[in-house]
K.L.:
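The structure that follows is given in the form of structure tokens.
Quick note on labels: first sequence line is chain A, next is B, and so on, each numbered from 1. Note that the coordinates shown come from a computational prediction; the quantities given were computed from them, not determined experimentally.
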There are 2 protein chains.
Amino acid sequence: MNVGIRPALAPRKTIDDVAELAGVSIKTVSRVMNSEPGVRPETRLKVQQAIAELHYKPSLPARSLAGKRSNLIGLIYDNPSANYVFDVQNGAIARCREADLRLFIQSCNGLGESLIDEVLALVEQTHVDGLVIAPPLSADRVLIEALDARHVRFVRIAPGEGDHPSPAVTMDDREAAREMTAFLIGLGHRRIGFVTGHPDHLSSRQRSDGYADALREAGIDRDAQPIEQGYNDIATGSEAGLRMLDLAEPPTAIFASNDDMAAGVIRAAHERGVDVPSRLSVAGFDDSQIAGIVWPTLTTIHQPTADMANEAARLLIDLLKGKETAPVTELAYTLIKRGSTAPAP
Amino acid sequence: MNVGIRPALAPRKTIDDVAELAGVSIKTVSRVMNSEPGVRPETRLKVQQAIAELHYKPSLPARSLAGKRSNLIGLIYDNPSANYVFDVQNGAIARCREADLRLFIQSCNGLGESLIDEVLALVEQTHVDGLVIAPPLSADRVLIEALDARHVRFVRIAPGEGDHPSPAVTMDDREAAREMTAFLIGLGHRRIGFVTGHPDHLSSRQRSDGYADALREAGIDRDAQPIEQGYNDIATGSEAGLRMLDLAEPPTAIFASNDDMAAGVIRAAHERGVDVPSRLSVAGFDDSQIAGIVWPTLTTIHQPTADMANEAARLLIDLLKGKETAPVTELAYTLIKRGSTAPAP
DNA sequence: TTGTACGCGTTATCAA
DNA sequence: TTGATAACGCGTACAA
């Protein structure tokens, strides 16, 4: 096997082959392929039959080169977590399938200068028509401005508080966090700890604000509550949890700014022998896969990640078609009640 | 914003721009870009400076069209799990970066006829030079044969027992399962349950065989052990665990054929009030993210997923360069001891 | 309604 | 060692 002689791939079927078989010019085939008007129905049919018979697939590179568009859009992100990336990819992929576009997925390494170069190189080299930008890249001002300066079309997912006037798909993190906190208060909790998220993520502040909103509404003193800084991972969530549980007056509920940290809090409770949820309620945020894995399963905010990516792709596609689009589309969250929360002891 | 007038993207820098600036012909620029010999060092330098000055990036579509290769390779899979996909992608991406190639990632939906069409369309349309095929697609005979028939170059990841002579990157699942089982036996366990994996995955049988090997070596009767069928997810793992724990004579250790099912077993133990690991040891397989999330953390087999993908990409790249490559490359696994296993009670 | 001829940005051929 | 010119497969003016 693999003996020197490499058999050539079957020669590509081209538009000329189709034109010849159908007995028309390539331009007519082109029109049929692109669903353009101005082709007699019977001619169209003939061409379609020829296309089917030859299993003709137009060459993407040739199209990119000849036309104004490449039928390719890019998706860029910078490795938040496997689950998040997975959802984002699948959401965008689904939409591209429908629109008969290809999605070029690019995981961007490293920040700073090289990031900009990397993304611009992607745009230059692959001729993508536009970009869907997932967090945390969507919140990167320098990147966004660089793209804008070059008139690259893009739609952002959850860009945070961006004041940039480009289209984006968002979720109301603050309101969701407020609702979750109010839910805990409704369960009778009056001492509610909070684990803040990574300070570089804009959503962290929004969630923290929502937590404060709910306390204020209920007349609970925020400054009397235990608040610990986390960095969006299990380890820091666990440490934050331990610190709170070791307090002279530990909270009866802890709301963590994301699910990974909430999972850490649950682990901390295990370690301290504190039962969840009878002695401690724990709530998370994201509804990532881990929420259904930990025991007890996590009460959390379902963030419609895949839907957001899907919607972002839709917006981008519309934008490329020249349609007017709303600058910001907000998608709904859902509070998911699971086993980690219960009435205050 | 978005007012009708869509500003044009900055005009692309082309090879002609570079040639003009460097005062040479485009062919010379092309030679420099492709590191071809036959260019005087000083000429090469001049060209390189022009390239740098203009931030010139060659157009991938133009290259694909003109040349025999596209500098693009494809990665295809059919959504096993978020973590697996994530690792595979990152492994392949890293290698492509080094080789200065682009990776076109394609998640394939649906099986059967349409799958073949989908993959062939990918090859036809994008002009990818070759394919890295991840499981479970790598075990799909019909697909593999279809690709082979069209002389598409590919490398498979963990194809199972494939008798196909194409290059592949594998891991010794059977031996790993044997070693894990022997480890449990070494801890004093004599009654060891097994949760089998999805029957459609070839690795499931191999792991099951390894389990049987170890029992045989230790003179333990396999047929006396509780064995339950699972389907690689948490839910079925949990059900299998409950059935075993409810036995008149429950096992003191349970080895699940993947981590998700092992997590399910741990949950089942929680529900039955059986402490892990003092009364029940649990072992998994894969070392997926969940292994570090569950409590106690999971003793498991580390499957070098990212490395396998990286290696597969390397093999493919070599193959495309015409290098001879070993038909099968086997990568090492590692037994990771964590908190879920302990000496038999 | 249909077709002709040119151009997109590169690589490949062959001559200089 | 270098360069002119023809592909590559398609979209797009423009003509018929």
Side-chain angles (χ1 to χ4, degrees), chain A residues 8-47 50-51 54-72 102 121 123-129, chain B residues 8-47 50-51 54-72 100 102 121 123-127 129:
Chain A
L9 277 71
R12 225 171 273 284
K13 302 293 180 194
T14 74
I15 198 172
D16 296 286
D17 299 328
V18 178
E20 190 180 339
L21 180 60
V24 298
S25 77
I26 63 165
K27 178 62 211 180
T28 300
V29 178
S30 174
R31 277 192 263 261
V32 172
M33 281 304 302
N34 297 301
S35 310
E36 285 170 24
V39 181
R40 217 184 313 155
E42 50 194 271
T43 310
R44 189 178 294 272
L45 203 66
K46 252 193 329 192
V47 173
I51 288 170
L54 295 174
H55 290 100
Y56 168 68
K57 306 280 178 193
S59 155
L60 225 51
R63 280 185 146 176
S64 312
L65 212 52
K68 297 293 171 208
R69 23 186 311 189
S70 63
N71 292 305
L72 237 194
R102 297 251 171 210
V123 174
E124 287 289 307
Q125 293 195 339
T126 64
H127 294 213
V128 287
D129 294 324
Chain B
L9 277 71
R12 225 173 271 285
K13 302 292 179 194
T14 75
I15 197 170
D16 295 284
D17 299 328
V18 178
E20 190 180 338
L21 181 60
V24 297
S25 77
I26 61 167
K27 180 61 209 179
T28 300
V29 177
S30 176
R31 277 192 264 260
V32 172
M33 281 305 300
N34 297 298
S35 310
E36 284 170 25
V39 181
R40 215 185 316 156
E42 51 194 271
T43 311
R44 188 178 295 272
L45 204 66
K46 251 193 329 191
V47 173
I51 288 171
L54 295 174
H55 289 100
Y56 167 68
K57 305 281 178 193
S59 155
L60 226 51
R63 280 185 145 177
S64 310
L65 207 54
K68 297 293 173 207
R69 24 185 311 187
S70 63
N71 292 305
L72 237 196
D100 206 32
R102 298 251 170 209
V123 174
E124 287 289 307
Q125 294 195 339
T126 64
H127 294 213
D129 293 325

K.L.:
Can you list everything that forms a side-chain contact (heavy atoms from CB on, under 4.5 Å) with A:Ala50? Sequence neighbours excluded, please.
P.N.:
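side-chain contact (heavy atoms from CB on, under 4.5 Å) list for A:Ala50, sorted by chain: A:Val18, A:Leu21, A:Ala22.
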K.L.:
Do any pairs count as a salt bridge (charged side-chain N to carboxylate O under 4.0 Å, His left out) and have a residue in residues 14-23 of chain A, sequence neighbours left out, and if so which ones?
P.N.:
none
K.L.:
Would you say that B:Leu60 contacts A:His127 through its side chain, given a criterion of any heavy-atom pair below 4.5 Å between the two side chains?
P.N.:
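Not touching, per the 4.5 Å side-chain cut-off.
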K.L.:
Describe the nucleic acid contact of A:Thr43 in one word from base, sugar-phosphate, nothing, applying a heavy-atom distance below 4.0 Å.
P.N.:
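Answer is sugar-phosphate: A:Thr43 comes under 4.0 Å of backbone atoms only.
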K.L.:
Using the side-chain hydrogen bond (donor to acceptor under 3.5 Å, both in side chains) criterion, which residues pair with A:Ser64? Sequence neighbours excluded.
P.N.:
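By the side-chain hydrogen bond (donor to acceptor under 3.5 Å, both in side chains) rule, A:Ser64 matches no residue at all.
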K.L.:
Walk along DNA chain C from 5' to 3' and tell me the first and last nucleotide with an atom closer than 4.0 Å to a non-hydrogen atom of chain A.
P.N.:
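Using the under 4.0 Å cut-off, the span is C:dT1 to C:dG9.
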K.L.:
How would you list, by chain and number, every residue that makes a side-chain contact (heavy atoms from CB on, under 4.5 Å) with B:Ala19, sequence neighbours excluded?
P.N.:
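If we apply the side-chain contact (heavy atoms from CB on, under 4.5 Å) test to B:Ala19, skipping adjacent residues, the hits are B:Ile26, B:Val29.
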K.L.:
For the helix from C:dT1-D:dA16 to C:dA16-D:dT1, figure out the bend between the end axes, five pairs an end, and round to 10 degrees.
P.N.:
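Taking the rotation axis at each end, their angle is 30°.
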K.L.:
Taking side-chain hydrogen bond (donor to acceptor under 3.5 Å, both in side chains) as the test, write out the residues that go with B:Arg69, two or more places apart.
P.N.:
B:Asn71
K.L.:
Got a second to check how far A:Thr28's OG1 is from A:Ile15's CD1, nearest 0.5 Å?
P.N.:
9.5 Å
K.L.:
Listed by chain and number, what are the salt bridge (Lys or Arg N to Asp or Glu O under 4.0 Å) partners of A:Arg40, not counting sequence neighbours?
P.N.:
A:Glu42
K.L.:
Does the protein touch nucleotides 8-16 of chain D at the base, only the backbone, or not at all? Give it as B, S and - per nucleotide, heavy atoms under 4.0 Å.
P.N.:
BBBSBB---
K.L.:
Taking only residues two or more places apart in sequence, or in another chain, which ones meet B:Lys57 in a side-chain contact (heavy atoms from CB on, under 4.5 Å)?
P.N.:
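B:Lys57 satisfies side-chain contact (heavy atoms from CB on, under 4.5 Å) with A:Ala121, A:Glu124, A:Gln125 once adjacent residues are dropped.
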K.L.:
Can you list everything that forms a side-chain hydrogen bond (donor to acceptor under 3.5 Å, both in side chains) with A:Thr43? Sequence neighbours excluded, please.
P.N.:
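A:Thr43: no side-chain hydrogen bond (donor to acceptor under 3.5 Å, both in side chains) contacts found.
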